[in-house]
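Worksheet for the structure shown next.
Residue numbers begin at 1 in each chain, while the letters A, B, ... track the order of the sequences. Bear in mind that the values here come from a model prediction, so they are computed numbers and not experimental data.
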Amino acid sequence: MRLKRTHFCGSLTKEDTGKIVVLAGWVRKRRDHGGLIFIDLSDKWGIVQLVFNPQENQESYRQAHSLRDGWVISLRGHVSLRPAESVNPGISTGEIEVLVEEMEILNPCLPLPFPPEDKIEVGEEVRLRYRYLDLRRPVMQRNLSLRYRVTKAIRNFLDGKGFMEIETPFLTRSTPEGARDYLVPSRVNPGQFYALPQSPQLFKQVLMVAGVDRYFQMARCFRDEDLRADRQPEHTQVDIELSFIQEEDIFELIEEMLSLLFQEILGISLPTPFPKLVYQEALRRYGTDKPDLRFGMELIDLSSLISSGNFRVFNDVLAKGGQVKALRVPGGGSFSRKKLDDLKSWVTLYGASGISWILLRGKEIASPLINYFSQDILKEVITQMEAEPGDAIIFVADKSEVVAAALGQLRLHLARELNLIPRDNYQPVWIIDFPLFEFDSQGRLTSLHHPFTSPQEEDLPKLKKAPTKVRARAYDIVLNGEEIGGGSIRIHQRKIQESILKLLGIDEVEARDKFGFLLEALSFGAPPHGGIALGLARLIMILAGEHSIREVIPFPKTQRAICLLTRAPSLVARDQLKELHIQVEAEDAPTI
RNA sequence: GGGGCCGUAGUUCAGUUGGCUAGAAUGCCAGACUGUCGAUCUGGAGGUCGCGGGUUCGAGCCCCGUCGGCCCCGCCA
C-alpha cells in the first residue's frame, strides 16, 4: 500500500472542497458512461463518489475500467463540489465528489454473493456463511458498534460505583445449574472433564467471601441446550455481585444503569423506579413470568360467573378444579370461522384442547356459547371483559397452568398480528417473589432459580412442610416481554445452604464433593450478598430493534448449533482423541 | 425427542394434473455511451431442481429416507 490514507470516505463534506485527499475502501458500485466513470467508494464511515475522467488523468481512468464491486483500492484525488444538479441528497457526502488522480488496486474481489448494503433479500444461511460480508452492511456495523458502546457504558457506570471487573475460569467444574454442560476433556487427568461455565455463579459468591464487595464481569456462559431466536449455546452476561445489600440495592443499581443506557443510546428516559409484579400475579394477569406490558389484553378469570351456565365443557373443567379465563381481542369481532379454527388448533401447541369465543359484531353477538348461557350472563361477561363492539372475547378452559400458557401465548400472538404493540415503547418490570422450588416432571423438588438462592425469611417455617410455598429472594428484570436478567440474594449461611441442598435431595457426601468449597467458604465469614446477571445480547437486541439475538452477535450459531462460517463443530484426528483418552462410538461418529 | 414452514441459476423467487430444450427479476460477462448515483441501451453466459433411493413409458412435481435453514413445543440460572 503506497498511499497513506488521510480521510475517511463517509466523513468528507463540502468543507473539504479543494483538498487533496487519500482514501481507501471498497468499490461499491461502478457507473461507466464510457467517457466518464463514477464509482462509489465505501468504508466503515460511509460512501463517497469517485470520478474518473480521461481528460484529468488517462492512467487511472484506464485502471477504473477493470474495477468491480468489492475491489479494494486506495486513491489520491481532490475533493470537488458537485454541479448543483448532480447533488445526491441521499448520502452524507452527496454535495461533493473526489476527482481521482492516482489509484492503487489493493485487492481484487470475486463477484459478491450479496451486496453489502442494508436492504438485501438474502437468506440467513447465506449471510452466516459469508458473515464477513454480512457484517460489512451498515446495519450490522451499527449493531456491532452498539454492542461496544453498551459494554463500554456499563463498564464506566459500574466502575464509577466502585465495582471491579474480575475474570473467572472457563475451565471449571460442572455446576449444579439446570442446563446440560459443555465438557472439555482433561489430557493430564485421563477420564476427567472440565465443564465450561453455565454462569460464574459460585466464583462470584466466593469473590464476595474474598472481600471484593463489588464484582462484575462480561461473562461468557455456555449451555448445551436447544437454540431459539433468543438463545445461543454461548452468550455473554453482564454478571454482577455485591456484598452487604438487599433486593432494593440491586433494583436501584440496575434501574440507574438501564436508564443511563436508554438515555445514552436511544435518548429515551425510563421512568424509575420500575414497576414490580409479584410472580403469581404476573401468571394470573398475563399467563407468563415475562409479561410484555406495552399493551393491555389481560387475562380475566370468569370461572365463577361462568359456573352458572350449563356448558358442559366449562363445567367439567371447573369441577376438576380448573379455571375459565378469557382475553379481550380488540378488533377481533371480524374474525372468520376459519381464523377461529386456526386459533383453536394453535392453542393446542400449549396443551389447551381448544377455545371458545364471543364475537361482538356491531350490536350482534356471535358465539357458540349463546345456547348455554342466559343473555344476562353473556352481558355480564362483556361488561367484565370491558369489551366493545368489534371486539372478540376468547376463552380457554383448562387447569390453570394450561390456561396461562395458552392464553398468555395467544395474547402475544394476536397483539403482534393485529399490530397492537406500540413501537419505540419500553416497559421494564421487575418480577419478584418467585417460588424457591418447583416439582420437576419426575416429581422431584428442584430450584426454580438455583440452589444458592436465599428463601424469604418469613417463609422459612414452611421449608419442610410446604416447600413449594416458600418464596425466594429472587427477581427477574423483564423488558417488553423479554427476560433480560435475573438474580437473587444468596444464602450466606452454611447451615441454611446445607438444609436447602438436603431438601433438594443432595446428600452430605454429594454436597461436599460438588461444592464443598462453597460450603467451606460460607463458614469463613461470608457476608450477606446477592447479585444479578443481564443477558447482554437480549438487551442489545431490544436497543437495536432487532428480533433475533443473532443480529447482535458477530458470529452466531444456527439452530443446530453449527457455525456456518467455520463449519464448527468438526471431526478431529484420531491422535487428538487418543491423547485425550476418548473413544467415540462409531455408529454416529465417523473419524478422520 | 416432537410439530410447522422452507430448500430450483451467484441471489430472491415462479414452475399447472407427473409430459417439448426448467423460467423471471436481479447479479455476472462483453460491447456502446461524458453527469450517473437502482445509470441506460444491445447482446451473452449461467442449473448436481439439497442429497440418496423408489414408483412411473416419463419425476423439479408423487412416495420413503437423509442433510441443511428458520419458527415453535419439550429443554433452558
Side-chain angles (χ1 to χ4, degrees), chain A residues 28-40 47-56 61 65 68-70 80 82-91 93-94 97 110-115 117 119-130 133 175-181 197-202 204 219 221-233 235 237 239 345-351 405-406 409 413 434 440-441 446-453 472 474-476 483 485-488 490 531-535 547-548 550 557-560 562 564 567:
Chain A
R28 259 299 295 127
K29 211 82 197 172
R30 187 179 60 123
R31 294 177 293 278
D32 182 347
H33 288 246
L36 193 64
I37 299 175
F38 299 99
I39 277 172
D40 289 341
I47 287 184
V48 70
Q49 173 166 281
L50 309 180
V51 184
F52 294 82
N53 189 329
Q55 286 168 6
E56 304 273 336
Y61 170 78
H65 273 290
R68 292 294 183 275
D69 274 19
S80 164
R82 291 197 194 188
E85 67 275 13
S86 299
V87 165
N88 181 355
I91 58 174
T93 60
E97 58 197 6
L110 289 173
L112 298 165
F114 56 91
E117 60 199 24
K119 284 181 185 163
I120 51 170
E121 284 184 0
V122 63
E124 197 169 353
E125 200 172 346
V126 178
R127 291 177 55 205
L128 291 176
R129 172 154 176 225
Y130 303 100
L133 298 179
T175 55
E177 277 134 24
R180 213 172 280 119
D181 283 318
Q198 294 180 28
S199 83
Q201 182 59 37
L202 297 181
K204 66 176 178 176
C221 303
F222 305 86
R223 271 163 221 180
D224 187 6
E225 296 293 346
D226 288 345
L227 285 69
R228 289 282 192 287
D230 63 350
R231 272 161 36 188
Q232 283 275 308
H235 80 286
Q237 65 185 35
D239 198 44
S345 61
W346 192 82
V347 296
T348 60
L349 274 174
Y350 303 94
Q409 291 294 331
H413 178 71
F434 281 84
D440 69 10
S441 51
T446 57
S447 295
L448 201 72
H449 190 55
H450 57 55
F452 318 108
T453 302
Y475 33 80
D476 276 358
E483 181 198 327
S488 63
R490 327 296 182 188
I532 192 166
L534 304 179
H547 296 287
S548 161
R550 294 188 299 274
K557 292 181 176 58
T558 69
Q559 196 158 46
R560 297 198 189 203
I562 287 166
L564 291 180
R567 302 309 303 197

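Nucleotide B/A39 forms no Watson-Crick or G-U wobble pair with any nucleotide shown, as no partner meets the under 3.5 Å limit on both distances. For B/U26, the paired base is B/G10 (Watson-Crick or G-U wobble, both distances below 3.5 Å). Here B/C70 sits opposite B/G4 as a Watson-Crick or G-U wobble pair (both hydrogen-bonding atom distances under 3.5 Å).
Here the C1' atom of nucleotide B/G1 and the CD atom of A/Glu225 are 13 Å apart, to the nearest Å. The distance from atom CD of A/Glu121 to atom P of B/A24 is 18 Å, rounded to the nearest whole Å. Whole-Å rounding puts the A/Gln409 CD to B/G4 C1' distance at 15 Å. For the pair A/Glu117 CD and B/U11 P, the computed distance is 16 Å after rounding to whole Å. For the pair A/Leu349 CG and B/G4 P, the computed distance is 10 Å after rounding to whole Å.
Checked against side chain to side chain donor-acceptor pair (under 3.5 Å), A/Glu56 has no partners two or more places apart in sequence or in another chain. With sequence neighbours excluded, the residues that form a side chain to side chain donor-acceptor pair (under 3.5 Å) with A/Asp40 are A/Arg31. Every side chain to side chain donor-acceptor pair (under 3.5 Å) that A/Tyr61 has, sequence neighbours left out, goes to A/His65.
In terms of polar N and O atoms assigned as donor or acceptor, the side chain of A/Arg231 comes within less than 3.5 Å of the base of B/C76 in a complementary pairing.
Between B/C28 and B/G54, the distance separating the two P atoms is 42 Å to the nearest Å. Nucleotides B/U17 and B/G60 are separated by 15 Å at their C1' atoms, to the nearest Å. For the P atoms, the distance from B/A25 to B/G18 is 28 Å, rounded to whole Å. Taking the P atoms as reference points, B/G27 lies 15 Å from B/U12, given to the whole Å. Comparing the P positions of B/G43 and B/G38 gives a spacing of 24 Å, expressed to the nearest Å. Spacing between B/G19 and B/U42 at atom P, rounded to whole Å, works out to 34 Å. Rounded to whole Å, the C1' atom of B/C63 lies 23 Å from the corresponding atom of B/A22. For the P atom pair drawn from B/U66 and B/A59, the interatomic distance equals 24 Å after rounding to whole Å.
Of the possible polar contacts, one joining the A/Arg231 side chain to the A/Asp226 backbone as a donor-acceptor pair under 3.5 Å is found. Of the possible polar contacts, one joining the A/Glu225 side chain to the A/Arg180 backbone as a donor-acceptor pair under 3.5 Å is found. Listed for the A/Tyr350 side chain is no donor-acceptor partner under 3.5 Å among the backbone atoms of A/Gln409.
Taking the six-membered ring where the residue is Trp, A/Tyr130 and A/Phe114 present perpendicular rings, their angle passing 60° and hence far from 30°.
Counted within 6.0 Å of NE2 on A/His547, heavy atoms from surrounding residues, nucleotides or ligands total 12 or fewer; the atom is thus considered open.
Side-chain atoms of A/Arg82 and A/Ser80 form no donor-acceptor pair, as typed in the model, at a separation below 3.5 Å. Between the side chains of A/Asp181 and A/Gln198, at least one donor N or O sits under 3.5 Å from an acceptor N or O.
Classification of A/Asp230 and A/Arg228 as a salt-bridged pair fails, no side-chain N sitting under 4.0 Å from a carboxylate O. Classification of A/Asp69 and A/Arg28 as a salt-bridged pair holds, one side-chain N sitting under 4.0 Å from a carboxylate O.
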Do nucleotides 26-39 of chain B as a string where each nucleotide becomes B, S or -: B if the base has a protein heavy atom under 4.0 Å, S if just the sugar-phosphate does, - if no protein is that close. ---SS--BBBBB-B
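Note on A/Gly486: nothing from the nucleic acid sits closer than 4.0 angstrom, heavy atoms only.
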Please write out each protein N/O paired with an N/O of nucleotides 5-7 of chain B under 3.5 Å, distance rounded to 0.1 Å.
none

Measure all distances between protein nitrogen or oxygen atoms and nitrogen or oxygen atoms of nucleotides 68-71 of chain B, and list the pairs falling under 3.5 Å.
| residue | atom | partner | partner atom | Å |
| --- | --- | --- | --- | --- |
| B/G68 | OP2 | A/Arg560 | NH1 | 3.1 |
| B/G68 | O2' | A/Glu125 | OE2 | 2.9 |
| B/G69 | OP1 | A/Thr558 | OG1 | 2.5 |
| B/G69 | OP2 | A/Arg560 | NE | 3.4 |
| B/G69 | O4' | A/Glu125 | OE1 | 3.1 |
| B/C70 | OP1 | A/Gln559 | N | 3.4 |
| B/C70 | OP2 | A/Gln559 | N | 2.8 |
| B/C70 | O3' | A/Arg550 | NH2 | 3.0 |
| B/C71 | OP1 | A/Arg550 | NH1 | 3.3 |
| B/C71 | OP1 | A/Arg550 | NH2 | 2.7 |
| B/C71 | OP2 | A/Arg550 | NH1 | 3.4 |
| B/C71 | N4 | A/Gln559 | OE1 | 3.3 |

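Closest non-hydrogen pair, A/Ile120 versus A/Glu117, comes out as CG2-O, 3.2 Å.
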